[in-house]
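Every chain is numbered from 1, with letters handed out A, B, ... down the list of sequences. If you're wondering where the values come from, they're calculated on a predicted model, not measured in any experiment.
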Amino acid sequence: MIALIDCNNFYVSCERVFDPKLKGKPTIVLSNNDGCVIARSDEAKALGIEMGTPSFMIKDFIRKHNVRVYSSNYTLYGDMSARVMRVIKEFIPRTEIYSIDEIFADVSSLTHTNPTELAMQIRESVMRCTGIPVSIGIAQTKTLAKLANRYAKKTRPGDSVFCADEEWKIQDILAFTQVEDIWGVGGQYHRLLKKNGFHTAADFINAPEGWVRKEMAVVGLRTQQELKGIACTEWQDEVKGKKNICTSRGFGKLITTKREVQQAIGTFTSSCAQKLRKQNSCAQRIHVFVQTNIHRKQDDQYFHSITLDLTVPTNSTRELLKYAMRGLDIIYRPGFKYNKTGVMVMDLVPADQTQLGLFESDTSGAKEKATMTAVDGINQVYGNDVVRMAKQEFNTKWKLRQNHLSKCYTTRFKDLMKVKAN
DNA sequence: TCTGGGGTCCTAGGACCC
DNA sequence: TCTGGGGTCCTAGGACCC
């Protein structure tokens, strides 16, 4: 049996841990640039605030209903996530972190324990150690566990735990779940399934396999199998390195000079390089893109991207910057109001398995590596942006808008909470 | 009139996830 | 004024090979 444990309204819950006054109050967390709603408390959901709504569209509504608003604070959420995961791993050795707020756990190895009781214990323990409420669904496959989890949230608000260990419970969940709420069914497949008369997961299970294969490819077929209790997704016992790494950002305001775009690209490239070195990988290709604001109908639109092959796989900031700037030179067009750019490093290979270029000497590689290690070391101790490459410069024009940012309570000494005792 | 067949690799784009 | 960011996997079709 597989358990899916996920944090309820995770980002909002993180904010609530450090400001208990938010309890019972409608609260939302916004995406970068304070753009869209990406997390909502139950009270905010009850008010009808939808996921993904641009915040400026509901400004008046927010004020009217006194909705508490936060900019996203990923430093805080990342650290809280690690704490939650640590607690869960103490109960179940075999786990697989699926996202910042979700983890699969293999509970079949713990045969001596009743899964429901175990789930209750985990829930209680996570709440006590971190202050974060979680829901837990247990079933035969990952897909069914996802459904069980959702079922628990919707029908068991008290304990938020559901274990589908009997046939009638599985049937209950399948009949309860609309096709669009199945893990693996998005907008396209939702329309397709509805059009063909499949409304619930129970309906979908009865769709002919040939039809599913033809219309939804093997991915759809796998989802269907998983719903029937046949496991099709492999268990990932070790954390796999990423195959691509991307850093991209929309700007707080529109940008019109090449120099500013270069600064942004420089910073994003440097960020990609750091992430590469952290997972001990080198990239073989780099992808750069620029775009204008697609929502501004009154502006001329421009989108262009380019992918460059690197002669030698690398994770050196300097080397990657060279290619990124070359790419930007090719795709940049003056006269547009740019809104967003990004850099992606692709086709990653382990850093220790890279081949030297024909004209590269081993000593130059070693020197570059030593430089980067030093840069990372200094930045780690003194903050992320102390040492930079020339192209990054220091510029705040295109930085994020974050008007409602909470503090880094758990990762920065000056943000530690103070407790007064009389 | 009539122009092979089978395989691999790569890429772009689509679908999905949180 | 203002609309997120970061990923994965699969597939179709073209290029290329013998």
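For NZ of A:Lys278, the number of neighbouring non-hydrogen atoms (other residues, nucleotides, ligands) closer than 6.0 Å is 12 at most.
Looking at the side chain of A:Tyr74, the nearest of the listed nucleotides C:dG4, B:dC16, C:dG5 is C:dG4. For A:Arg249, taking side-chain heavy atoms from C-beta onward, the closest of the listed nucleotides C:dC2, C:dG5, C:dT11 is C:dG5. If you check C:dT8, B:dC17, B:dC16 against the side chain of A:Lys242, the one that comes closest is C:dT8. For A:Cys246, the side-chain atoms get nearest to C:dG6 when compared with the rest of C:dG6, B:dT11, C:dG5. Taking the side chain of A:Val218 as heavy atoms from C-beta on, and the options C:dG5, C:dC2, C:dT11, the nearest nucleotide is C:dT11. Comparing atom distances between the A:Lys275 side chain and each of B:dC17, C:dG6, C:dT3 picks out C:dG6 as nearest. With C:dT8, B:dC16, B:dC18 as the choices, the nucleotide that has an atom nearest any side-chain atom of A:Asn244 turns out to be C:dT8. For A:Ser99, taking side-chain heavy atoms from C-beta onward, the closest of the listed nucleotides C:dT3, B:dC18, C:dG4 is B:dC18. Taking the side chain of A:Asn339 as heavy atoms from C-beta on, and the options C:dT3, C:dG6, B:dA15, the nearest nucleotide is C:dT3.
Of the two residues contacting DNA chain C, namely A:Asn32 and A:Phe56, the nearest-nucleotide position lying further toward the 5' end is that of A:Phe56. Place A:Gln236 and A:Gly35 on DNA chain C by their nearest nucleotides, and A:Gly35 ends up nearer the 5' end.
A tilted orientation is assigned to the rings of A:Tyr302 and A:His304, their planes being inclined by 30° to 60°.
When the P atom of B:dG14 is taken as reference, atom CZ of A:Arg191 falls 14 Å away, rounded to whole Å. Between the OH atom of A:Tyr189 and the C1' atom of B:dG14 there is a distance of 8 Å, rounded to whole Å. In this entry the distance linking CE of A:Met346 with P of C:dG7 reads 12 Å, nearest Å. Note: CD1 (A:Ile5) to P (B:dC18) measures 16 Å, nearest angstrom. One atom, CE of A:Met51, and another, C1' of C:dG4, lie 10 Å apart when rounded to the nearest Å. With rounding to whole Å, A:Ile100 atom CD1 is found 14 Å from B:dC17 atom C1'. In this structure, A:Arg150 places its CZ atom 12 Å from P of B:dC17, rounding to the nearest Å. Rounded to an integer number of Å, the gap from CD1 of A:Ile182 to P of B:dC17 is 10 Å.
Of the side-chain N and O atoms in A:Arg401, none sit less than 4.0 angstrom from OP1 or OP2 of C:dT1. Distances shorter than 4.0 Å separate some side-chain N or O of A:Lys146 from OP1 or OP2 on B:dC18. In this model, the phosphate group of C:dT8 is not approached by any side-chain N or O of A:Lys240 to a distance below 4.0 Å at OP1 or OP2. For C:dC2, one of the phosphate oxygens OP1 or OP2 lies less than 4.0 angstrom from a side-chain nitrogen or oxygen of A:Arg296. Between A:Asn33 and C:dC2 there is no side-chain N or O to OP1 or OP2 distance below 4.0 Å. Taking 4.0 angstrom as the limit, A:Lys243 places a side-chain polar atom (N or O) nearer than this to OP1 or OP2 of C:dC9.
A donor and an acceptor atom sit less than 3.5 Å apart, one in the side chain of A:Lys59 and one in the base of C:dT1.
Nucleic acid contact class of A:Thr247 (heavy atoms, under 4.0 Å, all strands): sugar-phosphate only. Heavy atoms of A:Ile97 sit nowhere under 4.0 angstrom from any nucleic acid atom. When heavy atoms are screened at a 4.0 angstrom cut-off, A:Gly187 is found touching the sugar-phosphate backbone but no base atom. Residue-level contact check: A:Asp34 touches neither bases nor backbone, having no heavy atom under 4.0 Å from any strand. A:Ile245 comes within contact range of the sugar-phosphate backbone alone, with a heavy-atom separation under 4.0 Å but no base atom that close.
Pairing of C:dC18, defined by two Watson-Crick or G-U wobble distances under 3.5 Å, is identified with B:dG5.
For the residue pair A:Thr27/A:Tyr11, the side-chain donor-acceptor check at 3.5 Å is not satisfied. Of the N and O atoms on the side chains of A:Ser406 and A:Asn73, at least one donor lies less than 3.5 Å from an acceptor on the other residue. When only modelled atom types and interatomic distance are considered, A:Glu260 and A:Thr257 share a side-chain donor-acceptor pair under 3.5 Å. Looking at A:Asn9 and A:Ser41, their side chains never bring a donor and an acceptor atom within 3.5 Å of each other.
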Problem set entry | Derivation of the side-chain hydrogen bond (donor to acceptor under 3.5 Å, both in side chains) call for A:Thr317 and A:Arg277 | CA-CA 10 Å; A:Thr317 304; A:Arg277 296 195 288 270; 2.9 Å; yes
